[in-house]
Structure formats: structure tokens, C-alpha cells
Amino acid sequence: MKMIYNVKDKPPAGRLILFSLQQLLAILAATIAVPMIVQNGLTPAAALFGAGVGTIVYLLLTRFKSPVFLGSSFAFLGSMGAAFAGGVSMSLGMLGLLIGAVFAGLVYVIIAVIVKFAGVKWIDKIMPAVVIGPTVAIIGLSLAGNAVGDLMSGSASYTVTELVAVIKDGAAVLQEVTKSVTYAHPLIALLCGLVTLGVTIVCSVYGKKMLKMIPFIIGILSGYAVAAIFTAFSYLPNAEFLRVIDFSAFATLGTAEAWYPDFAFVQIFTKGALDAGEVGSIGAYIGTIAVAYIPVAFVVFAEHLADHKNISSIIESDLLKEPGLHRTLLGDGIGSIAGAFFGGCPNTTYGESVGCVAISGNASVITIFVTACMAIVCAFLAPFTLFLSSIPKCVMGGVCVALYGFIAVSGLKMVQKVDLGENRNLFVVSVILIAGVGGLVVSFGKVVITSIACSLILGILTNLLVNIHGKKQAIAAQAAQQEEQQEETLPTQEKTEDNPNEKL
């Protein structure tokens, strides 16, 4: 689609604020979800602050030429868990998170140096459109399950304790199990999500001026309003199934802790000193962190490539050439280290942000910069942060159906010029799609190769396999052409040797 605002454009102040807020809403759910999953002292506010800092570092190192937002990476969840394995103290665990982020960032820096001197042509050879297109599509399709799952879930929940029979020492024993159950009936949540999706679609397709530019904001606010109405009626007797939004978090507004982020680097010094045993085994611990983080960084590198290829096709400007892959890698690596210093979570490029650019038609880098500044400021605004975290899953799910769908479609558009009548191309695309949609994941201990990375690796190998014969044919054809040219020049040379006067 044609961009309303290109990379170097600056929207008017009012539109700029709305565009930035829309970007913030698009990346919010995933950014704050990572610290909520890991816990161990990580907080959503600190992760939001870290995402803002990391994005600004990225923009600086890419010379404000790449409209990409960095947020908390899900790929490092297992690695972050390894930092707290073995019952280590909170201080050592937080230190491990920062050391791990440095390791991951350095991988990107090293690859950036290699790319700087080796160029990017080798990437185009091993990852042509027939490989990168379906891989980008898989980024969106692999998230489809998350979007649909969220579409039928609220945010208000309660805990229940059940007696479950388990086998222990050969005998059945009743054991108490506590689990969280959402209040909202799935159909109520689905209705709220569909309202969000419907309003977003209507604003984007039929809206005029600003409505067309900020469909996410209007859609989310509409879905939230419907969810709030259901939640209000849920307090009537026997109407708990209508409760979609959890407003209990707002009760923390009266506490001082709610108004400032609990930064990762601060926790290292405030959660207690390391004991003698931990100091003595720090070398082995760092080795464990390195093994947990470094291999994953190589996996995320593949996703970095796919995201930048995707946004390049959307804005019709190859970011791998300008500002250059070495700069985007450097920005991602250093930005990830800077973000983890505050939030504890390594950062990565966000598909949600790419989808937001595609739908809104706004690729302005200034918008990304203002979004990053908003994230930093909002980390200190408890009411706003709590409001954002109270947005129910079903409402964000409605938005994500469109976001993830646009990512998938943008990848498929890359394959439009590929001749799928050729079995070679057909095999490559088929392998990538099935491996990605099927959720192929390979684990080596604590190292997990995601379905996206597995799809890309299989696609590259398949592409090399099916083109071996083609390369041999090309080499043979080139040799035949050279031989034919030599034969054409040979009679002329012989004639010249027989009649030396012809040289004059």
C-alpha cells in the first residue's frame, strides 16, 4: 500500500501524538507480557521504559532511517529462566539477566561487523524472495493462535482450589491444585473482541482523514467501552460471567511503588549481597548464562532479517542497503543491551509495530521516536500504565487479528513475483509454510529454536538443495557460451596470422 507519511516525513503535531499512541498500544501487550511471565522482580513499567530506551538507541545507530520499534523478546524467555535456575539469589539472578543481554547484544555486534565488510549480497543469495516471503508470512501465522486465544479471554480472573488425584508411591492421593479462572464467558469476550476488530476495519476502510489513520485507537477504545459496560453489570447477583475487565489493579494507585519503575540494575544492589558460595561459583554461572543466551541470539538474527525484509517491502525501500544491515544489527544489539539494563528483558524488532505501519500508512521515523519517548514517560504515570495493563485480552486479540494478518499478507506479497509453477519454488514455499504453521520447534537443553527460525533454516536448505542442478546447468551454459565465443574469434586470428599485411 502507498504510505501516507514516508520515513523522512513529519506528521503535524496532533497527528504525531495520535500515531505514536497507536504504536504504543500496538506493542504494549507483548512488551509487558514478558516480565509478567518471567516475574522474579521484573515489572511491566521497567520493561516499557527499557523498550523506549532501546528503541531510541536503535534509531540513533540507524541514523533515523528505519521505522522499527524494539520491545521485549519472547525468544529469550527460556534463557531468562536459566538466570534464576538453581535457587540463586535475586541479586545474582538480575545480574545474570544483564550479563545475558550483553552476550546476546555482542552476537549482533559481531555479525554487524562481518556484514559491514562482507556486504549483504550473500544474504540475497541464500534468502531470496522465495525463502524470505513465506518466512515473513509465518511470523504472522505463527501468532494466529495467540490472537484467537486472546479473542475469547477477559482480564478479570479469580483463583480456585481443586482436589486432584495423583499417583504417589503407587497409591492415589488427593492433592490441592490452585489455578486461575477468568470470569468472562468466552462468548462475551468474543463479542468485545469482534467489536474491536469491526470498528478497526470500518475506520481503516471507510474512515475519513484521522479516523482512517488511527483505526487501532478507535477500535481499542470501542472494545474497551463495550467490555466496561458488561463489567458494570457483572456486579449484579449471579452475573459474574459478564466481568471482562479487572479494575482491581487501580487500587495500587495509593502506593508509592506504583509510580516509578523498579529498574533491573537497581535491583542488583537492593535485593541483598551475594553470599560466599555464589561469589565462588560466578565463573560457572556466567558460562551457564552464555550457553543459554548466545545460541538464541543467532536464532533471533533470522527474525531480525525477516522483520526488516518485511518492513522494506511495505515502505518500498530496502533497509538492508540503506541504512544497511550492519547498522540495523548494531542498533538492535546495543539497543537490546540498553533496554535490558533498565527492564531486564533483551529487546527485538516487533511484528506488531510493522503491522501498524502497514495498516496506518505511516512510516515516519519521528513517530517511532515519539512512541519511544511516550513509553519512557508512561513508565512513571501509574494511572496510564494501569489503564494500559487493564485492557482485556479479548480487546487486544481483536486488534491482533488484523495486525498479525497484515504481517502474513505482506509476506505472501513478496512471493507474488515468484513462479510457483516451478517445482523448485513450490517445494521451498511448501516446506516453510508447513513447518511454520505446524509449529516445528527444536530444543537442545535450554536452547530453543523457534518455529520461525526452524522454518527459515529448512527453507534455506531446501532452496540450496533444489537449485544445485540449476547452478550446474548455469555453469555449463556459461562455459558453452565462452567456448562458442572463442570459436567465433579463432578463424579471424588464424586469417590474421596467414596474412600479416591485414594487421596494417
Quick one: does [X]'s side chain have a donor or acceptor within less than 3.5 Å of a partner on [Y]'s backbone?
X: N6; Y: K8; value: no
X: T328; Y: L325; value: yes
X: S312; Y: H308; value: yes
X: T135; Y: L456; value: no
X: N463; Y: G459; value: no
X: N425; Y: D419; value: yes
X: T231; Y: V244; value: yes
X: T55; Y: F69; value: no

Of the non-hydrogen atoms in [X] and [Y], which two are nearest, and what is the gap between them?
X: I368; Y: V68; value: CG2-O, 3.4 Å
X: I188; Y: F241; value: CG1-O, 4.2 Å
X: V57; Y: A338; value: CG2-CB, 4.0 Å
X: A358; Y: I314; value: CB-CD1, 3.8 Å
X: A408; Y: A137; value: O-CB, 3.5 Å
X: V415; Y: P134; value: CG2-CD, 3.7 Å

[X] side chain near [Y] side chain, heavy-atom distance below 4.5 Å:
X: L24; Y: C378; value: yes
X: S72; Y: T31; value: yes
X: I220; Y: M396; value: yes
X: C345; Y: L42; value: yes
X: S222; Y: I218; value: yes
X: C454; Y: I457; value: no
X: F301; Y: V107; value: no
X: L319; Y: K65; value: no

**Request:** In sequence, state the C-alpha distance, the side-chain angles, and the governing distance for V399 and L197, and then conclude on side-chain contact (heavy atoms from CB on, under 4.5 Å).
**Result:** CA-CA 6 Å; V399 167; L197 176 61; over 6 Å; no
**Message:** Between F49 and F342 (judged by ring centroids, cut-off 6.0 Å), do the two rings come close enough to count as a pair?
**Reply:**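 Yes - the distance between ring centres of F49 and F342 falls below the 6.0 Å cut-off.
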**More than 12 heavy atoms of other groups within 6.0 Å of I434 CD1** =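 Open: at most 12 neighbouring heavy atoms sit under 6.0 Å from CD1 of I434.
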**Prompt:** In this structure, are over 12 heavy atoms from other groups packed under 6.0 Å from K309 atom NZ?
**Reply:**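 Yes, NZ of K309 has more than 12 neighbouring heavy atoms, counting only those of other groups under 6.0 Å.
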**Message:** We want to know whether S353 and Q23 form a side-chain donor-acceptor pair, criterion being a heavy-atom distance below 3.5 angstrom.
**Reply:**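 Checked: S353/Q23 side chains pair up, N/O donor to acceptor below 3.5 Å.
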**Request:** Determine whether the side chains of T367 and N362 contain a donor N or O and an acceptor N or O closer than 3.5 Å.
**Result:**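 Looking only at side-chain atoms, N362 and T367 do form a donor-acceptor pair, the distance falling under 3.5 Å.
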**Item:** Residue pairs involving residues 350-370 (criterion ring pair (Phe, Tyr, Trp, His ring centres under 6.0 Å); sequence neighbours excluded)
**Value:**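 Listed once each, the pairs are F64-F369.
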Point-to-point distance, once rounded to the nearest 0.5 Å, from [atom1] of [X] to [atom2] of [Y]:
X: D246; Y: I391; atom1: CG; atom2: CD1; result: 13.5 Å
X: N310; Y: I315; atom1: CG; atom2: CD1; result: 10.5 Å
X: R63; Y: E322; atom1: CZ; atom2: CD; result: 7.5 Å
X: I337; Y: N347; atom1: CD1; atom2: CG; result: 11.0 Å
X: L458; Y: L440; atom1: CG; atom2: CG; result: 6.0 Å
X: I111; Y: L329; atom1: CD1; atom2: CG; result: 6.5 Å

**Asked** What's the verdict on side-chain contact (heavy atoms from CB on, under 4.5 Å) for F216 and C356, showing C-alpha distance, side-chain angles and the deciding distance?
**Response** CA-CA 8 Å; F216 292 145; C356 190; 3.6 Å; yes
**T349 vs D307, side-chain hydrogen bond (donor to acceptor under 3.5 Å, both in side chains): CA-CA, chis, key distance, verdict** = CA-CA 7 Å; T349 53; D307 280 333; 2.7 Å; yes
**Request:** Could you walk me through whether Y224 and S390 pass the side-chain hydrogen bond (donor to acceptor under 3.5 Å, both in side chains) test, one step at a time?
**Result:** CA-CA 9 Å; Y224 194 95; S390 73; 2.9 Å; yes
**Request:** May I have the step-by-step check of side-chain contact (heavy atoms from CB on, under 4.5 Å) for Q22 and T371, ending in yes or no?
**Result:** CA-CA 9 Å; Q22 181 169 253; T371 303; over 6 Å; no
**Request:** Output, in order, the C-alpha distance, side-chain angles, deciding distance and verdict of ring pair (Phe, Tyr, Trp, His ring centres under 6.0 Å) for H304 and Y108.
**Result:** CA-CA 10 Å; H304 175 99; Y108 271 45; 5.7 Å; yes
**Request:** Check the pair S153 / C394 against side-chain contact (heavy atoms from CB on, under 4.5 Å), numbers first and verdict last.
**Result:** CA-CA 5 Å; S153 301; C394 55; 5.9 Å; no
